[in-house]
There are 2 protein chains.
Amino acid sequence: MKDLNKSQLTISGRVTLADVAKAAGVSTSAVSRTFTPGASVAKKTRTHILKVATNLGYRPNAIARTLSTQRSRIIGLVVSYLHNQFYPTIIERLSQHLQAQGYHVLLFISGDHSGAEAETDSLVLDILQYQVDGLVLMSTTMSSRLAMHCHTLGIPVVMLNRTAPIKQVNAVSSNNYEGGRLAARFFINAGAHRISFIGGLKNASTTVERQQGFIDELLHHDISPHSQVYGNYDFHTAGQVTQSLFTTKNPPDALFVANDHMAFSVLDVLRSKLGIAVPDDVQVIGFDNVPQASWRAYYLTTVEQNAEQMVKHTITTLLDSLKSPTAEPRQIVVPVKLIERGTTWKLP
Amino acid sequence: MKDLNKSQLTISGRVTLADVAKAAGVSTSAVSRTFTPGASVAKKTRTHILKVATNLGYRPNAIARTLSTQRSRIIGLVVSYLHNQFYPTIIERLSQHLQAQGYHVLLFISGDHSGAEAETDSLVLDILQYQVDGLVLMSTTMSSRLAMHCHTLGIPVVMLNRTAPIKQVNAVSSNNYEGGRLAARFFINAGAHRISFIGGLKNASTTVERQQGFIDELLHHDISPHSQVYGNYDFHTAGQVTQSLFTTKNPPDALFVANDHMAFSVLDVLRSKLGIAVPDDVQVIGFDNVPQASWRAYYLTTVEQNAEQMVKHTITTLLDSLKSPTAEPRQIVVPVKLIERGTTWKLP
DNA sequence: TTGTACGCGTTATCAT
DNA sequence: ATGATAACGCGTACAA
């Protein structure tokens, strides 16, 4: 309350360093140092300045500081969409951790349509204009190009939940390949015969890697996949492909879906539109284990992707890159595990 | 590809207006004007400058521009948490629309614990330091104080999905009160007798208003609520209070839950831990209608909050406030409607 | 139409 | 420990 009243004295809101200096009868440098942790100011003048400053409702201007120091303490975060609950989960934790370190997150929604390639350049421009100190990329479509471009410009980049053939940029992801294998083995052990895969975008690393592990393991057991289709990471599309998959003479009896978001749509269609029982008629495995969805587990076996671990690796990688831009690029792969239907697990 | 190659010529990444001016043999103002839409530059020099600029890989520095123009084109977005799917939905659309208008979103996660009051001041400081042009508040706890403070400082503020007794700041929200009444009427018509309410945070406007409408309508029909408890907008807590609600001698037969996120937890506990059938033993109504959750509708009647409408009102309100800071504050209330169990609705 | 010069609010350098 | 002053990169009068 005190704060509020005081700042009302200066409704103008534009109190600068110079104003404080004048009012306190000191130089601007003194004021600046007062607000610079670990600078050399006499305790007495410091407290005096501090008093005058709060009295005037002064707040340092981060923009001006950025111009002067060449560091914005802003991290750009590029993401395609937020429908998949996995992303909000990540974003929340990432932002919290960064805030704790004095950084902030500037959000970029990249869209996800097929014409996205053209959009990339304009997005790059947008991002770079804001002088972000670093970049976290969770975008599906344009990650590789974007990553290389910014990396070339000397901006620390971490690709999160994405990988690319490029080994120069940092990447944190789950062991998607192994996740695919786990799914395949689960189905094989369960005695499934007609085993299908529903991917997201055909070229996205999360789809490719999960699919590859899945297929490899099937083939290793001399089973060829029943069918492989793609839902474009879209709820509606995933439902459609499911429907067409089951309106054939020989429908699958096991489905590995590339993420939970689509898996939910699949389950929905199976039950409500097709009247197919899960898991009695069809086994379904998803991927992500989005938090607080324990009630879904009764229908769904899923491959768990550990959001907290991924975020932590991302933060440390990013901050380390900020400190020593010449550091070796890191390729971090977080282990996954299969969580079986009916299993209960701790809620966060 | 051309772009990439060219910009590799200047790996340093620090190309300024002055550099371009020098290289093009013109003044800095000429360059500046070239990048200022609608400024007076000769077509010939303009194209020449543009060529030199792209050749050098020049990108305007938004930070410096901010310092000069006093407008950052950054909108601060304050939100407590992203677990409730309603928030990501809003954020995605909000950010997209703002990007289309040349604005960008700086994200602030405010946390939601009880000691949050103290956190407010430090958050305010954080936000103001970045010279945001405007502010969208979706935080549960600290909205009112924060809103007034920033409003006083002359920063356009829109409270989204929050309301406060303060009428000086813009607010966009759903008709929560009416939503509560709809829920009550539904239960009454369904012949429920022991009708309960599960709120979020006791003081949050979304809880208070929904609860008020609900209770008012019940009383209007001479029904007194069976019980009123609070899940703090938390998945786990909501489950716990549900459990305790049903381990009494006289459990409710109807539950109005203040948002979908908690409602899912309620459903989960009812089915898996308590073995209670929905809707046969208990009727459940949620609030939000989070997108792409149609498959949940078979268990849940919900009050629909129209995210797209709320976002649109928020954007126009915000942009109008930016243009004319003296404009009258707006209190926009978006209508809601009840979506009954089994109803299907369009997916986005 | 174009160029010069100053201001935006801060940090950094160099004296004192 | 403190103060004057020059950057930082860009708009924008004002003058030409």
Side-chain angles (χ1 to χ4, degrees), chain A residues 10 12-50 52-53 56-74 102 125 128-133 153, chain B residues 10 12-50 52-53 56-74 102 125 128-133 153:
Chain A
T10 61
S12 69
R14 292 265 164 248
V15 185
T16 76
L17 232 163
D19 297 332
V20 177
K22 200 175 298 175
V26 295
S27 75
T28 58
S29 338
V31 182
S32 174
R33 281 191 273 261
T34 298
F35 286 91
T36 305
S40 117
V41 200
K43 208 152 228 157
K44 195 176 169 185
T45 54
R46 189 187 139 78
T47 52
H48 175 229
I49 290 175
L50 232 43
V52 173
L56 256 53
Y58 166 72
R59 308 178 181 299
N61 182 329
I63 298 298
R65 174 182 297 146
T66 296
L67 196 60
S68 182
T69 60
Q70 308 283 34
R71 297 187 314 135
S72 63
R73 300 193 80 81
I74 292 178
L125 222 111
L128 296 181
Q129 291 201 357
Y130 278 95
Q131 314 299 109
V132 296
D133 282 349
L153 263 50
Chain B
T10 60
S12 68
R14 292 265 163 251
V15 185
T16 76
L17 233 163
D19 296 332
V20 178
K22 200 174 297 176
V26 296
S27 76
T28 57
S29 8
V31 183
S32 173
R33 282 190 271 262
T34 298
F35 287 91
T36 304
S40 116
V41 200
K43 207 151 230 158
K44 194 176 168 185
T45 54
R46 188 186 140 79
T47 51
H48 175 227
I49 290 176
L50 232 41
V52 174
L56 257 52
Y58 166 72
R59 309 177 181 299
N61 182 329
I63 298 298
R65 174 184 297 147
T66 296
L67 197 59
S68 180
T69 60
Q70 308 282 35
R71 297 188 315 134
S72 62
R73 301 194 80 80
I74 293 178
L125 222 113
L128 296 181
Q129 291 200 357
Y130 277 95
Q131 314 300 108
V132 297
D133 282 348
L153 264 50

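All heavy atoms count here, side chains included; hydrogens, waters and symmetry mates do not. So you know, we letter chains A, B, ... as the sequences are listed, proteins then strands, and number each from 1.
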**Item:** Interface with DNA chain D, restricted to residues 38-48 of chain A and to heavy atoms under 4.0 Å
**Value:**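 Listed by number, they are S40(A), V41(A), A42(A), T45(A).
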**Prompt:** When you measure from every atom of DNA chain D, which of residues 29-36 of chain A have a heavy atom less than 4.0 Å away?
**Reply:**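 Under 4.0 Å from DNA chain D: S29(A), A30(A), R33(A).
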Between [X] and [N], does any side-chain N or O lie under 4.0 Å from OP1 or OP2?
{"X": "T16(A)", "N": "dG9(C)", "value": "no"}
{"X": "Q70(B)", "N": "dG7(C)", "value": "no"}
{"X": "S27(B)", "N": "dG3(C)", "value": "yes"}
{"X": "Y58(B)", "N": "dC10(D)", "value": "yes"}

Whole angstrom value for the distance that separates [atom2] of [N] from [atom1] of [X]:
{"X": "D19(B)", "N": "dC8(D)", "atom1": "CG", "atom2": "P", "value": "10 Å"}
{"X": "R71(B)", "N": "dG9(D)", "atom1": "CZ", "atom2": "C1'", "value": "17 Å"}
{"X": "Q131(B)", "N": "dC8(C)", "atom1": "CD", "atom2": "C1'", "value": "11 Å"}
{"X": "N61(A)", "N": "dG9(C)", "atom1": "CG", "atom2": "C1'", "value": "6 Å"}
{"X": "L67(A)", "N": "dT10(C)", "atom1": "CG", "atom2": "C1'", "value": "8 Å"}
{"X": "I63(A)", "N": "dC10(D)", "atom1": "CD1", "atom2": "C1'", "value": "13 Å"}
{"X": "L128(A)", "N": "dG9(D)", "atom1": "CG", "atom2": "P", "value": "15 Å"}
{"X": "R14(A)", "N": "dT10(C)", "atom1": "CZ", "atom2": "C1'", "value": "14 Å"}

**Request:** Sequence neighbours left out, what passes side chain to side chain donor-acceptor pair (under 3.5 Å) with S29(B)? Give chain and number order.
**Result:**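 For S29(B), the residues satisfying side chain to side chain donor-acceptor pair (under 3.5 Å) (neighbours in sequence not counted) are S27(B).
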**Message:** For dG9(C), does the base pair up with any side-chain atom of T28(A) as donor and acceptor (N or O, under 3.5 Å, distance only)?
**Reply:**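 Answer no: no donor N or O sits under 3.5 Å from an acceptor.
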**Asked** Nearest to the side chain of T69(B) - dC10(D), dG11(D), dG9(C)?
**Response**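 The answer is dG11(D).
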**Asked** Between dT10(C), dA12(C), dC8(C), which one does the side chain of S68(B) approach most closely?
**Response**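 For the S68(B) side chain, the nearest candidate turns out to be dC8(C).
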At what distance, to the nearest 0.5 angstrom, does [atom1] of [X] lie from [atom2] of [Y]?
{"X": "L17(B)", "Y": "K22(B)", "atom1": "CG", "atom2": "NZ", "value": "12.5 Å"}
{"X": "Q129(A)", "Y": "F35(B)", "atom1": "CD", "atom2": "CZ", "value": "9.0 Å"}
{"X": "I49(B)", "Y": "T34(B)", "atom1": "CD1", "atom2": "OG1", "value": "3.5 Å"}
{"X": "I63(B)", "Y": "S68(B)", "atom1": "CD1", "atom2": "OG", "value": "13.0 Å"}
{"X": "D133(A)", "Y": "T69(A)", "atom1": "CG", "atom2": "OG1", "value": "8.0 Å"}

**Message:** Do V31(B) and V26(B) make a side-chain contact, defined as non-hydrogen atoms from C-beta onward lying under 4.5 Å apart?
**Reply:**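 Yes - at least one pair of side-chain heavy atoms lies under 4.5 Å apart.
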**Message:** Contact between L125(B) and R59(A) at the side-chain level, heavy atoms closer than 4.5 Å - yes or no?
**Reply:**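 Yes - at least one pair of side-chain heavy atoms lies under 4.5 Å apart.
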**Prompt:** Counting only N and O atoms by type, is there a donor-acceptor contact under 3.5 Å from the side chain of S72(B) to the main-chain atoms of T66(B)?
**Reply:**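 Checking the backbone N and O of T66(B) against the side chain of S72(B), no donor-acceptor pair under 3.5 Å is found.
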**Prompt:** Of L17(A) and G25(B), whose nearest nucleotide on DNA chain C comes first from the 5' end?
**Reply:**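 Here G25(B) is the residue nearer the 5' end.
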**Request:** Could you check N61(B) against Y130(A) for side chain to side chain contact (heavy atoms under 4.5 Å, CB included), going step by step and ending with a plain yes or no?
**Result:** CA-CA 7 Å; N61(B) 182 329; Y130(A) 278 95; over 6 Å; no
